[in-house]
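Letters A, B, ... are given to chains in the order of the sequence lines, protein chains preceding strands, and every chain is numbered from 1. Every heavy atom of this structure was used, including side-chain atoms; hydrogens, water molecules and symmetry mates were not.
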Protein chains: 2
Amino acid sequence: MDSDAVILDLNQLRRSCTSCALHELCLPAGIYGDDLRQLDTVVRDKRALERGSTLYRDGDAFKALYVVRSGSFKTFLLNEAGDMQVLAFHLPGEILGFDALASNRHVSQAEALEHSSICELPYARLMQVSNDVPALHRQLMRVISREMVIEHRHLVMMGRQPAQERLAIFLQNLVDRYASLNRDDITLTLSMSRYDIANYLGLVVETVSRLFTRMQETGVLEVNRKSVRILRPDLLAELCSTQHPRTLKSHDRD
Amino acid sequence: MDSDAVILDLNQLRRSCTSCALHELCLPAGIYGDDLRQLDTVVRDKRALERGSTLYRDGDAFKALYVVRSGSFKTFLLNEAGDMQVLAFHLPGEILGFDALASNRHVSQAEALEHSSICELPYARLMQVSNDVPALHRQLMRVISREMVIEHRHLVMMGRQPAQERLAIFLQNLVDRYASLNRDDITLTLSMSRYDIANYLGLVVETVSRLFTRMQETGVLEVNRKSVRILRPDLLAELCSTQHPRTLKSHDRD
DNA sequence: GGCGGCAGTTGACCTCGGTCAACTGGATGC
DNA sequence: GCATCCAGTTGACCGAGGTCAACTGCCGCC
């Protein structure tokens, strides 16, 4: 069982945004009072998904956005040849499905990495409500924009960082995100496989494996299958910035 | 002078969205009649920018979104060390500045690659109007989402494609975008430097240079400084898909 | 409790693309 | 017209990380 990988105690989960533990992280952040109660009328059907089951796939008609309540997801692209590129991992409070706004079809796939649950936000309803609630509208845009900024960082990593930095940044990022979920201990339980990690980082699984070993040897962390305990957060943080700058400086024109 | 790199004849540019040549590509796409006239009240101050001048930089307060009217821009991130990562090149009709929605500050930099002009869309005003015009609202979300989808493709390129495929995809992409601007000949005028291209593709300038040479030798194209003439669009298209799949297949769970 | 399977690890080797350095050729200026 | 400068090109070399193959060990299953 991987129920220990579920980050939030299921008891904390309530039926409405108003009382949801993810309140401040999720779409309702910055929305209060009547507006929040209006938002509550959007949320539907808190489904549970088993590990490996698909939330949506490429080509699916766009019906709703989804908020991760518990567990975790990966989103990825598949090309014609079936090659995968992992785009992101999604933790509780994060919203999936924005890719479909452009064309009214999903152009990526989302899959649960463990037993997970989601809130469904039917888009039509969401748009109705946000016509009455300008704050919701702005918040939606903010959330998409945040998504973009995160992707920018992913892009920088792919373009410019050597392998070790990539893994370090990935781990640091997970530590940070779990920290904001009130898990401030430094043992991560990775719900994704080494393959997924490698793919996300633009590396191969062997490289990731070697890097984990090396980081363990240098005392940065302790790995045991899915469990990664950060022993030296300071060293990890150091590894995040490249020692060997590969890039050109921005040329100063003036 | 690089006025020959300006894609649209300046005579085509009018003062309002209603009559703008970019109408169907830009924010107004799918917006008509009174709604469009309302949108017109948002657009302000069609500024011109010289090559190398900065539209916004990291840390700038978020005031407006910008539409490229003519010319082209690059957007990029700078890290503390001054390393650059080019995020995107922006052609006429494309919108810049979404990165700032999340935090009300720009977290990237935008710079004109040639003599260019823009429409400014003050965000506060844009939000006012889109409260009255739901279509505008939806269109805005669509445009951001499209931006995300484009970044996904960039990410795949960075993560999985070998160097030659990256350049081929980049060129193909420019061909496609210029095609939708009614430039259906196959001579590109690259407004960005080899450094910018290399950086965007996660490569170094020497590699890009060698690839141009190789593609010229194999008869795919003809390069002359900034001018690239595609001789064999069919071959270029072929080069876009990787011959050596580097990635793992998506494991079929059911 | 022995077996098969698959995720993950380790090692040996090789290749793609990065690095470094020299060179070329337009563009600009005096 | 010659010098300078910088973007871009070319060549020689090298190393990070990919490839391929063998191995380990956990887990589920009969």
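Under the side-chain hydrogen bond (donor to acceptor under 3.5 Å, both in side chains) criterion, A/Arg232 pairs with A/Asp234, sequence neighbours left out.
B/Arg194 places a side-chain N or O within 3.5 Å of a backbone atom of B/Arg225 that can act as its donor or acceptor partner. Of the possible donor and acceptor atoms, one in the side chain of B/Arg166 sits under 3.5 Å from a partner among the backbone N and O of B/Met158.
For D/dA7, the OP1/OP2 oxygens have no side-chain nitrogen or oxygen of B/Ser193 closer than 4.0 Å. A sub-4.0 Å separation between OP1 or OP2 of D/dA16 and a side-chain N or O of A/Thr207 is absent.
The nearest whole Å value for the distance from the CD1 atom in B/Ile197 to the C1' atom in D/dT9 is 14 Å. The CZ atom of A/Arg225 sits 10 Å away from the C1' atom of C/dC6 (whole-angstrom rounding). The separation between B/Leu211 atom CG and D/dG11 atom P is 14 Å, rounded to whole Å. For the pair B/Arg214 CZ and D/dT9 P, the computed distance is 14 Å after rounding to whole Å. Between the CZ atom of B/Phe212 and the C1' atom of D/dA7 there is a distance of 13 Å, given to the nearest Å. Taking atom CG of B/Leu190 as the reference point, atom P of D/dA7 lies 16 Å away to the nearest angstrom. The distance from atom CG of A/Leu203 to atom C1' of D/dT19 is 14 Å, rounded to the nearest whole Å. To the nearest angstrom, P of D/dG17 lies 13 Å from CE of A/Met157.
Contact annotation: side chain of B/Arg210 to base of D/dG11, donor-acceptor pair present below 3.5 Å. One cannot find a donor-acceptor pair under 3.5 Å joining the base of C/dT10 and the side-chain atoms of A/Arg194.
Comparing the end axes of the helix from C/dG1-D/dC30 to C/dC30-D/dG1, each fitted to five base pairs by superposing C1' atoms of four pairs onto the next four, gives an inter-axis angle of 30° (nearest 10 degrees).
Remark: of the listed residues A/Val220, A/Thr207, A/Val228, A/Val228 is the sole one forming a side-chain contact (heavy atoms from CB on, under 4.5 Å) with A/Phe212. Of the candidates B/Asn199, B/Leu77, B/Asn79, A/Arg160 forms a side-chain contact (heavy atoms from CB on, under 4.5 Å) with just one, namely B/Asn199.
Positionally, the nearest nucleotide of DNA chain D for B/Met192 lies more toward the 5' end than for the other of B/Met192 and A/Gly202.
For the salt bridge (Lys or Arg N to Asp or Glu O under 4.0 Å) condition, the pairs that include at least one residue of residues 87-100 of chain B, sequence neighbours left out, are B/Glu94-B/Arg177.
Here the nucleotide nearest the side chain of A/Lys226, chosen from C/dT10, D/dT9, C/dG8, is C/dG8. Nearest to the side chain of A/Val204, among C/dA21, C/dG17, D/dT19, sits D/dT19. The listed nucleotides are C/dG8, D/dT9, C/dT10; the one nearest the side chain of A/Tyr195 is C/dG8. You'll find that the side chain of B/Glu206 is closest to D/dG11, out of C/dG11, D/dG11, C/dG8.
Note that SG of B/Cys240 is 8.5 Å distant from CD of B/Glu165, once rounded to the nearest 0.5 Å.
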